[in-house]
Amino acid sequence: MKNELTTLQTARDLGLLEEEYNRIQEILGRVPNFTELSIFSVMWSEHCSYKNSIAWLKKLPRGGERMLAEAGEENAGLVDIGDGLACSFKIESHNHPSAIEPYQGAATGVGGINRDIFTMGARPIAQLNSLRFGDLSSERTQWLLKGVVKGIGDYGNAFGIPTVGGELYFDTCYQVNPLVNAFSAGIVETDKIASAISYGVGNPVFIVGSATGKDGIHGAAFASKDIGEDSLKDLPAVQVGDPFQEKLLLEATLEVIASGCVIGIQDMGAAGIICSTSEMSAKGEHGMDIWLDEVPLRQPDMLPFEILLSESQERMLIVVHKGREQEVLDIFAKWDLNCAQIGVVTDTGKLRFYQHGALAAEVPAHDLVLGGGAPVYHREYREPAYYQQFKKFDPASVAQPRDYAEVGKFLLRHPNIASRAWVAEQYDSMIGTNTVTTNTPSDAPVVRIKGTSKAILVKADCNGRYVHADPEIGSAIAVAESARNIVCSGGQAVAITNCLNFGNPYNPEVYWQFVKTIQGMKKACEKFNTPVTGGNVSFYNQSDDGGAVFPTPVIGMLGLLDHYENKMTLDFKNENDPIYLLGELTNDISCSEYLYSYCGIKSSPAPYFDLEKEFQLQQAVTQIIAQRLVQSVHDVSDGGLFIALAESAMAGNKGFEVRTVDPIRKDAFWFGEGQSRVVVSVKEAQQSTLEETLRTLKIPFVLLGKVSHQDFTVDTKVWMNLKEAKQLYDNTLASYLK
């Protein structure tokens with residue numbers, strides 16, 4: 001395609017609105033050519049500009065005493081963890097690419113999120129993933145799951161960063177649109193932090209890493225529209241990753257940052273060269289002249305818009321101090337990577353792109369970016385009719401099960417609860433030898449920081465069913481449960497990153513879900529003092545025939561442990577240890593897996609949740625762990641109390657003898673998912689001290705029973721034994737994915 005002048009139809013074909021096309025002409029003072037319009041189309045896409053979400057995102061708490069960079073300032077969040085160290089962490093989606101090419105879609109999601117970390121100067125030490133798929137019995141879901149897991153495993157294992165945990169859920173709402181969210185965390189010395197900025201007239205601009213090809217062109221725009229019958233035509237918009245190249249790029253990047261040559265550096269992720277040049281220039285209030293002929297290419301005769309918009313992986317843009325060019329060239333030559341000067345910094349505030357001696361495009365950097373001239377919209381939102389309908393649910397209308405043991409077995413083998421060993425075994429969790437929870441499970445993975453006694457704890461969490469039922473309560477629960485998992489593992493919750501997965505923002509009911517989610521998240525983050533360091537909004541997780549996914553705001557939580565040996569695990573330790581349930585008992589079965597899957601009732605409100613009581617419980621758990629009053633700690637979540645007990649028993653190769661505590665209904669007691677509850681075991685000698693402490697802290701508790709040999713005994717009836725429970729729990733995924 002020639003670089004001809006454009007029309008309104010061209011703009012529409014590129015996904016721009018008429019008002020946006022008119023605004024672009026006002027900014028430029030003329031009709032844009034095709035390359036310029038392509039630039040605006042990707043930079044003003046939802047994926048890059050957050051034009052439909054930024055007004056609400058700004059309401060989230062973003063400041064705190066540990067924060068070293070506010071949300072959106074840098075490639076990833078940055079938190080001070082003491083002793084001259086900082087943790088950089090972030091979560092992002094790769095949903096659309098994974099829906100049509102699961103292996104590369106997931107692999108490049110892992111690659112991209114890790115580049116965001118090491119462009120900060122941080123060495124990644126831990127990865128998580130949060131995955132959602134449709135009906136596990138369908139061949140398409142099995143194909144997607146196998147491809148995504150293999151993509152994550154192959155890339156992460158080869159790159160050399162351990163995958164230490166994650167989450168996996170199945171629901172028919174994700175049948176067409178799977179969700180693939182990748183999280184990474186890394187450690188950097190605070191005096192070696194790099195920034196995504198450009199300044200200094202005449203300073204050279206380098207592109208480093210892989211050569212640029214035609215993969216991923218318009219990938220950001222592809223991620224900003226619904227999945228439909230024509231989506232396979234967008235296959236070229238899916239990037240192709242090379243983890244071995246990324247490993248070299250990691251080492252070269254950290255070396256060049258440490259050299260002091262670098263003014264600014266940014267990963268080339270969504271929208272490639274145009275995104276990195278514009279964002280770095282806008283932040284530094286400078287411009288750039290870029291010579292596209294100097295960009296190392298994989299294919300000949302690439303057009304300007306193809307070079308600028310390519311999302312070829314494993315690339316960085318670096319601005320270097322003038323006069324130190326040779327140092328940069330030598331470092332990347334040592335690592336056998338491309339390194340080419342492609343331009344210089346200017347004081348014009350504009351990006352000028354040249355090819356074959358001619359000006360191919362000229363655009364103002366400020367007007368392209370989030371926080372600059374990119375559009376900001378306040379969309380209409382409307383409460384959906386189902387919301388009030390769900391509130392009418394009456395638990396009294398649900399008959400008690402005839403066989404409680406049968407329900408327990410059903411839940412143990414349910415795909416949303418059963419062991420994820422089939423997935424975890426494809427990931428290397430021990431690369432780097434930092435992970436300390438591989439054989440001693442905690443509610444959150446614990447990863448030590450070499451050279452110190454410290455450890456970070458990381459967790460990804462969200463129950464989309466809860467958020468769909470009540471977005472405000474469900475999103476607050478997602479934050480609370482992430483923090484609860486950190487606390488139950490002995491750590492302190494510090495900050496979050498989020499990946500907000502929703503349907504089409506132009507649908508008022510979807511946008512209502514988004515607005516209420518932000519409101520709930522805000523309340524919870526303020527309560528737990530966990531500021532939002534950044535993240536990702538993924539709209540358009542919606543198909544022509546399958547509707548929108550459940551609103552799924554995945555919370556990536558960072559926690560801190562001053563000494564990794566003080567971690568707390570969830571496994572029962574000794575026979576006859578008393579077992580307690582901490583937290584409020586509620587007659588609640590709403591939105592539980594039991595109600596939704598076993599009873600088949602899809603319409604109910606979110607489970608019981610009280611933010612203040614949750615906070616008090618977490619404070620108490622922190623105290624009893626610090627005082628070494630408990631042997632194990634495990635939160636009650638999916639599947640309710642019985643599943644929490646079973647998981648602690650299976651992890652410790654033990655059983656339990658417990659009883660129902662009146663007056664609440666028995667199914668609510670064992671299978672309800674009312675929040676703010678924790679199961680602990682304690683040595684008999686410390687029983688009275690624990691009870692006295694809990695009374696002083698005004699935390700409700702009940703003595704359930706004790707740890708036993710191998711039977712799971714409830715109200716004197718053996719529901720199953722340890723071997724049977726493990727067979728149910730361990731084999732579900734493998735039975736589908738042979």
Side-chain angles (χ1 to χ4, degrees), residues 47-48 75-76 89-119 124 126-133 144-168 174 177-186 210 215-216 219-220 222-224 227 231 234-243 245-247 249-250 267-272 275 311-315 423 426-427 458 460 462 497-501 534-541 549 552 554 556:
H47 192 74
C48 291
N75 287 299
F89 69 110
K90 189 178 183 182
I91 190 169
E92 280 199 342
S93 65
H94 235 222
N95 303 335
H96 282 56
S98 300
I100 62 174
E101 214 301 342
Y103 181 85
Q104 289 295 349
T108 52
V110 171
I113 197 65
N114 278 302
R115 285 196 303 281
D116 282 337
I117 300 306
F118 66 77
T119 51
Q127 300 175 131
L128 299 173
N129 52 73
S130 175
L131 311 176
R132 304 289 190 285
F133 298 95
L144 287 169
L145 175 58
K146 289 177 181 178
V148 164
V149 170
K150 185 168 176 57
I152 292 170
D154 285 359
Y155 200 104
N157 296 350
F159 181 50
I161 307 302
T163 301
V164 298
E167 59 171 3
L168 172 64
Y174 304 108
N177 291 262
L179 302 184
V180 177
N181 296 178
F183 172 105
S184 181
S210 294
D215 53 315
F222 165 52
S224 302
I227 293 286
S231 291
D234 288 314
L235 190 58
V238 179
Q239 310 91 336
V240 178
D242 182 344
Q245 189 87 337
E246 176 127 328
K247 177 62 175 174
L249 186 59
L250 162 67
D267 160 44
M268 286 188 190
C275 186
E311 295 182 11
S312 294
Q313 298 291 284
E314 293 85 43
R315 299 180 301 158
V423 175
Q426 298 185 55
Y427 305 151
V458 288
C462 178
T497 176
N498 56 40
C499 196
L500 310 180
N501 305 275
N536 176 217
V537 178
S538 176
F539 281 133
Y540 302 98
N541 294 290
V549 301
T552 311
V554 176

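Atoms considered below: every heavy atom in the structure, side chains included; atoms not considered: hydrogens, waters and symmetry mates. Numbers here simply count residues along the sequence, with the first being 1.
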Rounded to the nearest 0.5 Å, what separates atom [atom1] in [X] from atom [atom2] in [Y]?
X: Q245; Y: Q313; atom1: CD; atom2: CD; value: 11.5 Å
X: N75; Y: D267; atom1: CG; atom2: CG; value: 6.0 Å
X: R115; Y: E314; atom1: CZ; atom2: CD; value: 5.5 Å
X: L249; Y: N114; atom1: CG; atom2: CG; value: 11.0 Å
X: N536; Y: E92; atom1: CG; atom2: CD; value: 4.5 Å
X: Q127; Y: Y427; atom1: CD; atom2: OH; value: 9.5 Å

### Task
Take atom NZ of K150 as the centre, draw a 6.0 Å sphere, and report whether it contains more than 12 heavy atoms from other residues, nucleotides or ligands.
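Open.
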For a quick test of reading the model, state the closest non-hydrogen atom pair linking [X] to [Y] and the distance between them.
X: A106; Y: I152; result: CB-CG1, 3.8 Å
X: I117; Y: A185; result: CG2-C, 4.2 Å
X: P124; Y: I161; result: O-CD1, 3.2 Å
X: V148; Y: S98; result: CG2-CB, 4.3 Å
X: A460; Y: L128; result: N-CD1, 3.6 Å
X: G109; Y: A182; result: O-CB, 3.9 Å

### Task
Scan T497, N501, L131, L179 and name whichever one has a side-chain contact (heavy atoms from CB on, under 4.5 Å) with V554.
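The single option meeting the side-chain contact (heavy atoms from CB on, under 4.5 Å) with V554 is N501.
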Any side-chain heavy atom of [X] sitting closer than 4.5 Å to one from [Y]?
X: C462; Y: R132; result: yes
X: F133; Y: L168; result: yes
X: I113; Y: I91; result: no
X: F89; Y: V458; result: no

Check: [X] side chain, [Y] main-chain N or O, donor-acceptor pair, under 3.5 Å:
X: H96; Y: Y540; result: yes
X: N157; Y: Q426; result: yes
X: H94; Y: G105; result: yes

### Message
Run N95 and N541 through side-chain hydrogen bond (donor to acceptor under 3.5 Å, both in side chains) and show every step you take.
### Response
CA-CA 8 Å; N95 303 335; N541 294 290; 3.3 Å; yes
